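The structure appears right after this line, and notes come after that.
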Number of protein chains: 2
Amino acid sequence: MTQDISTREQRPYHHGDLHRAIVEAALDVLSESQSTEFSLRELARRAGVSHNAPYKHFADKRELLGAVSAVGFELLAERMADATKELDSPRQRLAAMARAYVGGGVNNPALYRLMFGGYLAGQDEGRPAIERTAAYNMKALIVAAISDGALGRPIADNEANTRTIDGAILVFWSQMHGLTLLLADRLVGPGDKMEELTENVLHAMLDGLVNSIPAVPEGVWIGPPLAG
Amino acid sequence: MTQDISTREQRPYHHGDLHRAIVEAALDVLSESQSTEFSLRELARRAGVSHNAPYKHFADKRELLGAVSAVGFELLAERMADATKELDSPRQRLAAMARAYVGGGVNNPALYRLMFGGYLAGQDEGRPAIERTAAYNMKALIVAAISDGALGRPIADNEANTRTIDGAILVFWSQMHGLTLLLADRLVGPGDKMEELTENVLHAMLDGLVNSIPAVPEGVWIGPPLAG
DNA sequence: GGAAGATGTTGACATTGTCCACTTTAACCC
DNA sequence: GGGTTAAAGTGGACAATGTCAACATCTTCC
């Protein structure tokens, strides 16, 4: 304690939790500007540190964005979990997750694109473990709803049904993914009809799956990040 | 003519068609690097002009990317038109277009993202007219297939059916858009199962639409760029 | 209490998008 | 045809950025 309490207005040499501060600043700037083209230096400025301090916590701008993406996954997983709480009907749960998914994406398209939009598509293993966990949790919720009968009949979550369940998830996910991006990018609108459109598309898709599920061929993986 | 014919190996002061050359270079670099983060200056180098010459043809990097996107739309529209040629069955035509769409996106994800990925999402009117035309042509092909009975029964392309047809297109487009991006970003794989997966998802979706089409509410637009 | 490592800082460098002033060429008008 | 004008290309400048290297300061832990 070399600092005088009354005079220590300037923060100490060490920030305390720069890692978190930088990620939060990045999340803020990303959400405001809806672009990943902000500068590391601005984040440093916002955190009140020198332009090079972030490099002690992230090798790269890429790595930083990976961390931001991971936070996005955690937020989304939480949203989806919250949405299904207190819902008994498995179909209702599945629908609620879809709404949370689409809503999250539309609410922050830039973050959504960062998470799913192949910025890190090539280098797969660079993504933080937290992200995988969040993705795993999301998938588990969906599988549970399906196995509980969300698609008209219970489908036990066992080896024999894997390809069927994965097929259902693929249809579900790609439909919602596409809808989210069309809405987020304003390729479909207007904005105040989004909920209604989501409801329409969602239930048409679920009804289709109730009718028949196209099983996925052997050897197909759904994810990462939705890796199980 | 101050130039000696035998000595004029260095190109003339004026390039001749720099506009096209730059766009083509951009398309090349984009396709190779799968990223929009190339530099205008490199394009200039490739075209053999000074770093500032491109600015006589494009106000901005944004504007250049807009032109590249427009080319992408033309290519895609052409692909889709080719795919339906010589196909009688309307359902076959719709399926063929879907395959062309997904295939195009998976083949060049960066271009696809540039076209549909909201890089120019905010500023809508900056997009070249050519792009709108191409998008319009694509939509017309789809509408024709649907009206010819691709979804089990003919649905005349008239005022009374607009919302139904738009509803079908929304389901169709969002499903294929989502699938394309999941495949392109390797969120689903492996790569050599793409055709099979596409076929599965596609026909499940079409069957669903045959069964029932969720009409779109009043006032909804599909596009731009799929503006009608 | 001192060494080692983590965290921050300053300075430097090549690269980039974009502005400006200038030059060269082609097109057009009388 | 000769001269004006506008289009197309050039070179230089500037601030900003990602990233590297060398140095400073604080913490931790034997």
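Letters A, B, ... are given to chains in the order of the sequence lines, protein chains preceding strands, and every chain is numbered from 1. For the numbers below, each heavy atom of this structure counts, side chains included, while hydrogens, waters and symmetry mates do not. What you see is a predicted model; the values in this text were computed from it and never measured.
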Looking at A/N52 and C/dG11, is any side-chain donor or acceptor paired with a base atom of the opposite kind under 3.5 Å? yes
Hey, do the aromatic rings of B/F73 and B/F116 have their centres closer than 6.0 Å? yes
Rounded distance in Å - CG (B/L43) to C1' (C/dT15): 14 Å
Using a strict cut-off of less than 4.0 Å between a Lys/Arg side-chain nitrogen and an Asp/Glu carboxylate oxygen, indicate whether B/R99 and B/E199 qualify as a salt bridge. yes
In this structure, how many angstroms lie between the P atom of C/dT18 and the NE2 atom of B/H57, rounded? 16 Å
Are A/Y112 and A/Y101, when compared by the centres of their aromatic rings, separated by less than 6.0 Å? yes
D/dT19 OP1/OP2 closer than 4.0 Å to side-chain N/O of A/H51: no
Take the protein atom CZ of B/R62 and the nucleotide atom C1' of C/dT16, then report the distance between them rounded to whole Å. 17 Å
Rounded to whole Å, please give me the gap between CG in B/D17 and P in C/dA26. 15 Å
To the nearest Å, give me how far apart CD (B/E63) and P (C/dG17) are. 15 Å
Under-4.0 Å side-chain N/O to phosphate OP1/OP2 contact, B/S39 with C/dT16: yes
Rounded to whole angstrom units, what separation is found between the CZ atom of A/R41 and the P atom of D/dC20? 13 Å
Distance, rounded to the nearest Å, where A/F58 contributes CZ and D/dC20 contributes P: 16 Å
A/V216 and A/I169, any side-chain heavy atoms less than 4.5 Å apart: no
Is there a donor on the side chain of B/D60 or the base of C/dG17 sitting less than 3.5 Å from an acceptor on the other? no
B/K56 atom NZ is separated from C/dA21 atom P, nearest whole Å, by 12 Å
Candidate nucleotides D/dT10, C/dG8, C/dG17, ranked by approach to the side chain of A/A53 - the nearest: C/dG8
